[in-house]
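This report concerns only the one structure given below.
A, B, ... follow the sequence lines: proteins, then strands. Residue 1 opens every chain.
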Amino acid sequence: MKYDIILCGVGGQGVLSVAAAIATAAASEGLKVRQSEVHGMAQRGGAVMSHLRLSDETIPGDLVPRGRADLIISMEPLEALRYTEYLKPEGICITAKSPFENIPNYPEMDSVLSKVESLPNSRLIDAAALAKEVGNRRAVNMVIVGAASTYLPLPEESLKSAITTLFTRKGEKIVEMNINAFSLGRNA
Amino acid sequence: MSNHALLGDEAVALGAMHAGLSSAYGYPGTPSTEIMEYLLRSANAGGEGIHQAHWSSNEKTAFEEALGASFCGKRALITMKHVGLNVAADPFMNAPLLDIKGGVVLAVADDPGMHSSQNEQDSRYFADFAMIPCLEPTNQQEAYDMTRMAFDLSEELAVPVMIRLVTRLSHSRAAISTSDPRKQNVMKKADGGAGWTLLPARARRHYASLIGKQEKMNLLSEESVFNKLKTGNESEKCELGVITTGLARNYFNENSGELTSSYNHLHIGQSPWPAAKIRSLMDSSERLLILEEGMPFLERYIRGIGSETMPIDGKLNGKVSRQGELNPDNVRESLGLPSLSSLEFDTGELPIRPPQLCNGCPHEDSYNFIKEVVQGLDQSIVTSDIGCYALGALAPLEVPETVVCMGASISMAKGAAEAGYPNVMAVIGDSTFYHSGLTGLVDCVADQAKVTVIIMDNSTVAMTGGQQTMLQSARLPQVVEGLGVAKDHIRVLDAFRRSHDGNVEVLKEELAFEGPSVIITVRECVETVKKRLARRKQAKEAAAGGNR
Ligand code: SF4
């Protein structure tokens with residue numbers, strides 16, 4: 001089994017915590033995991049992209065080749081479009097719906113969304129609304145993990161316990177809220 | 001044996017700790033920063049005989065501090081990014097002449113592709129220049145293993161050893177297995193006298209001894225487990241011989257399964273170059289392809305001048321991309337394999353999204369008042385420096401006109417002012433000022449240069465993730481005064497929008513002054529404020545939880 005994921009968004013949107021949740025779950029399932037992250041200048045409000053590779057065999061490198069990705073997980077619709085050439089022909093794209101408009105020439109929202117919808121396999125998730133339902137805008141990340149979870153080669157339970165592990169430090173309430181966000185995303 | 005999922009940087013840190021590290025020094029710089037952050041976290045967690053870990057003012061002081069520890073017989077690590085080694089080049093080039101007993105390892109992280117840097121320089125040239133071994137890991141496990149080994153090698157050869165990292169390894173995570181930690185060295189001062197005093201007569205002797213060590217280094221490279229030659233066909237020559245260095249091996253392995261004819265493969269993880277192994281690869285191959293992450297360093301060595309005996313493909317003949325990082329896709333192309341079929345979808349042109357200052361960043365308010373003053377002048381120059389505020393050169397602010405290297409803002413401003421240009425301003429951050437701005441300001445004071453220095457004091461090293469500046473903000477005016485800037489011309493301002501009009505006036509006044517003046521604009525970085533508040537909240541909640 002090999003499963004390659006491209007995670008993307010805008011610096012500061014928490015792409016890394018999405019990656020961390022999936023990577024932790026995969027490792028607990030005994031899979032090999034390679035994860036490349038973005039630190040430094042690009043994190044300041046720029047386009048960020050991270051590679052996550054899961055496999056039961058040795059993984060040769062940290063980067064996903066173009067045409068090999070099974071899944072794009074994006075925190076933002078314009079950013080989702082930026083990396084479609086990484087997808088396999090049958091690859092899937094999951095993205096949060098709300099735009100992050102920090103550039104003057106951000107395209108018409110409708111055209112961005114309709115492009116995402118016209119991808120062969122795509123899902124637009126109103127993650128912001130679902131995060132609001134659990135009572136914290138910052139839970140968008142875990143809504144997206146939930147939405148991606150039905151495609152990932154990982155059991156729901158191991159993702160949930162990964163989320164618990166990641167947020168334990170921040171207290172029970174935060175754990176519960178993120179688990180709820182995950183479940184809303186999963187059922188979206 | 002245990003399992004940890006670590007960044008490449010963290011694997012270096014843990015490798016050093018398990019090698020019996022006593023002291024670590026560095027200056028933050030992407031992609032090397034996380035090495036020291038890991039060592040600091042471990043040091044803060046405490047424990048018996050835990051190592052020293054400190055950020056330094058710059059890479060040069062870091063290197064020298066490490067040499068001090070080594071002089072006491074202890075093992076020391078220095079961390080920095082590639083351009084930091086330019087700053088540390090003085091001690092770095094001299095250290096191989098010392099009689100090193102406590103191992104000295106330099107972990108330097110290059111940034112091919114310039115994700116967060118101003119150039120793509122390849123630190124392997126520096127290792128060669130200094131005549132020391134360089135180890136280049138291709139994955140997190142090797143980052144750990146090689147760092148451990150580097151300390152042994154350093155003590156065996158009595159020279160510093162370089163670990164060369166690149167962004168993609170520094171910032172990629174994988175599980176590694178570790179082995180039992182080694183104890184720290186006992187304190188034992190080196191024989192000062194001859195071994196550590198580089199006076200000409202003695203330095204000549206030391207240099208001869210360094211030259212003498214080269215044969216041993218070559219031999220170690222030939223035998224190194226990190227330099228592996230795999231032959232594709234025992235009985236006859238293969239059409240293709242591939243040499244990989246660094247991460248190129250990963251990308252080669254990603255694609256090599258699809259090669260239809262047999263090939264020879266030499267991977268080099270330890271230099272000086274293993275010449276005999278390279279020769280044997282060349283003898284058993286008809287064509288050579290050289291894949292190295294970084295500049296065509298090995299390639300030039302192999303090509304020589306007009307002495308090519310076989311076709312060689314690489315960066316110098318355009319078969320491998322000369323600029324930027326290697327990746328599975330461009331390596332695939334160099335191997336002559338067809339590109340993989342991707343999802344076919346025309347997204348049309350997408351606007352780029354470059355990095356920019358955070359919402360509410362104090363630099364924005366500082367630049368806005370500078371901009372207003374600049375717009376009212378016929379002629380002016382604004383030099384700037386390395387840090388978040390360099391992003392002010394991009395739209396919409398577009399204030400800085402130069403960004404060159406750490407500290408260059410002040411010294412370049414002096415040069416421009418003395419060339420006769422009016423209204424010269426230098427913009428520099430507090431941490432960059434301590435790193436390399438102090439000396440430039442001393443120059444300005446000495447010659448009473450007509451320069452207005454604007455220190456944007458956000459009390460942190462923001463770009464690399466919010467490390468603490470060397471000295472507290474409140475000390476900055478005293479430091480500037482101590483360097484000799486007239487007290488009346490040290491102006492401390494708020495970097496808030498509400499102070500805009502007043503700030504405009506102050507800048508105009510100081511531009512009219514005939515000597516050096518310093519304006520310090522003070523407001524904490526938004527990101528560090530957020531982190532501080534989050535920490536406080538967490539602490540409060542933890543305390544409340546404890547009371548329940
Ligand atoms: S990290 Fe701090 S200094 Fe850097 S852009 Fe953001 S607010 Fe400004």
Side-chain angles (χ1 to χ4, degrees), chain A residues 10-12 19-20 23-24 27 32-47 50-51 58-69 78-79 81-82 84-91 93 100 102-107 111-112 115 118-121 169-173, chain B residues 3 5 7 29-31 33-34 111 115-117 138-140 167-175 247 249-256 325 327-329 332 339-345 347-348 350-359 361 388 390-391 395-396 463-465 538 541-542 545:
Chain A
V10 180
T24 308
K32 300 220 165 27
V33 181
R34 298 284 286 258
Q35 180 195 338
S36 119
E37 305 180 355
V38 181
H39 300 207
M41 190 182 256
Q43 280 177 300
R44 305 265 161 272
S50 151
H51 302 241
T58 306
I59 304 170
D62 301 292
L63 301 185
V64 176
R66 288 192 166 83
R68 280 269 161 81
L78 174 63
E79 294 310 314
L81 292 173
R82 213 182 283 288
T84 49
E85 58 176 342
Y86 279 88
L87 280 179
K88 288 176 176 171
E90 69 278 16
C93 173
F100 192 106
N102 65 346
I103 44 173
N105 51 345
Y106 195 96
S111 86
V112 172
K115 273 184 200 161
S118 62
L119 283 166
N121 299 300
R169 213 166 44 94
K170 301 196 170 164
E172 242 167 72
K173 262 206 222 137
Chain B
N3 266 311
L7 292 175
T30 315
T33 313
E34 292 78 5
D111 189 16
H115 294 274
S116 275
S117 306
T138 62
N139 55 40
Q140 295 75 0
T167 308
R168 291 293 177 180
L169 177 60
S170 287
H171 291 167
S172 293
R173 223 175 258 287
L247 297 196
R249 181 172 72 182
N250 299 348
Y251 310 137
F252 175 69
N253 287 345
E254 185 89 44
N255 291 298
S256 59
E325 298 177 285
N327 60 45
D329 310 308
R332 193 176 170 84
S339 43
L340 295 164
S341 51
S342 298
L343 174 83
E344 277 188 35
F345 185 76
T347 59
L350 301 175
I352 57 160
R353 197 190 301 257
Q356 46 191 279
L357 296 175
C358 303
N359 238 336
C361 172
C388 286
L391 293 170
M463 181 62 97
T464 49
Q538 227 172 295
E541 280 171 7

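- With chain B as partner, the option from A/Ser111, A/Ala19, A/Ser118 having the largest number of non-hydrogen pairs under 4.5 angstrom is A/Ser118.
- Annotation: maximal heavy-atom pairing with chain B below 4.5 Å, among A/Pro60, A/Ala69, A/Gly46, occurs at A/Pro60.
- Ranked by non-hydrogen atom pairs under 4.5 Å with chain B, the options A/Gly171, A/Gly67, A/Pro89, A/Pro120 are led by A/Pro89.
- When A/Gly11, A/Ser36, A/Ala23, A/Pro107 are compared by the number of non-hydrogen pairs under 4.5 Å with chain B, A/Ser36 comes out ahead.
- Within 6.0 Å of the CG atom in B/Asn359, the count of heavy atoms belonging to other residues, nucleotides or ligands does not exceed 12.
- Proximity of A/Pro65 to B/Arg332: side-chain heavy atoms (C-beta onward) are nowhere separated by under 4.5 Å.
- In this structure, chain A has a heavy atom under 4.5 Å from the side chain of B/Thr30, while its backbone stays farther away.
- The most heavy-atom pairs under 4.5 Å with chain B, out of A/Glu90, A/Arg169, A/Glu79, come from A/Glu79.
- Atoms OG1 and CD, on A/Thr84 and B/Glu344 in that order, are 11.0 Å from each other to the nearest 0.5 Å.
- In terms of heavy-atom pairs under 4.5 Å with chain A, the best-connected choice from B/Asn253, B/Thr464, B/Ile352 is B/Ile352.
- In terms of heavy-atom pairs under 4.5 angstrom with chain A, the leader among B/Thr138, B/Leu343, B/Asn250 is B/Leu343.
- A side-chain donor-acceptor contact under 3.5 Å links A/Arg82 to the backbone of B/Pro351.
- Contacts between B/Cys361 and chain A at a heavy-atom distance below 4.5 Å are absent for every atom of the residue.
- Interface residue B/Leu7: only side-chain heavy atoms are found under 4.5 Å from chain A.
- Residues that satisfy the salt bridge (Lys or Arg N to Asp or Glu O under 4.0 Å) test with A/Glu37, not counting sequence neighbours, are B/Arg173.
- At least one side-chain heavy atom of B/Cys358 sits less than 4.5 Å from a side-chain heavy atom of A/Arg44.
- Going from atom OG of B/Ser342 over to atom CD of A/Glu85 covers 6.5 Å, rounded to the nearest 0.5 Å.
- Both the backbone and the side chain of A/Lys115 have a heavy atom closer than 4.5 Å to some heavy atom of chain B.
- How far CG of A/Asp62 is from CZ of B/Arg168: 8.5 Å, rounded to the nearest 0.5 Å.
- With a 4.5 Å cut-off on non-hydrogen atoms, A/Ile59 does not touch chain B at all.
- Although no hydrogens or angles enter the test, the distance criterion places a donor-acceptor pair under 3.5 Å between the side chain of B/Gln356 and the main chain of A/Asn102.
- Annotation: maximal heavy-atom pairing with chain B below 4.5 Å, among A/His51, A/Lys88, A/Lys32, occurs at A/Lys88.
- Heavy atoms closer than 4.5 Å to chain A are found in the side chain of B/Pro328, but not in its backbone.
- Taken from OG in B/Ser339 to CZ in A/Arg66, the straight-line distance is 10.0 Å, to the nearest 0.5 Å.
- Taking both residues in full, the closest heavy atoms of B/Arg353 and A/Phe100 are given as NH1-O, 2.5 Å, listed atom of the first, atom of the second, then distance.
- Contact tally against chain A (heavy-atom pairs below 4.5 Å) for B/Leu247, B/Asp329, B/Leu350: the top residue is B/Asp329.
- Contact check for B/His115 versus A/His39: no side-chain heavy atoms found under the 4.5 Å cut-off.
- The line from CZ of A/Arg68 to CG of B/Leu340 is 4.5 Å long, rounded to the nearest 0.5 Å.
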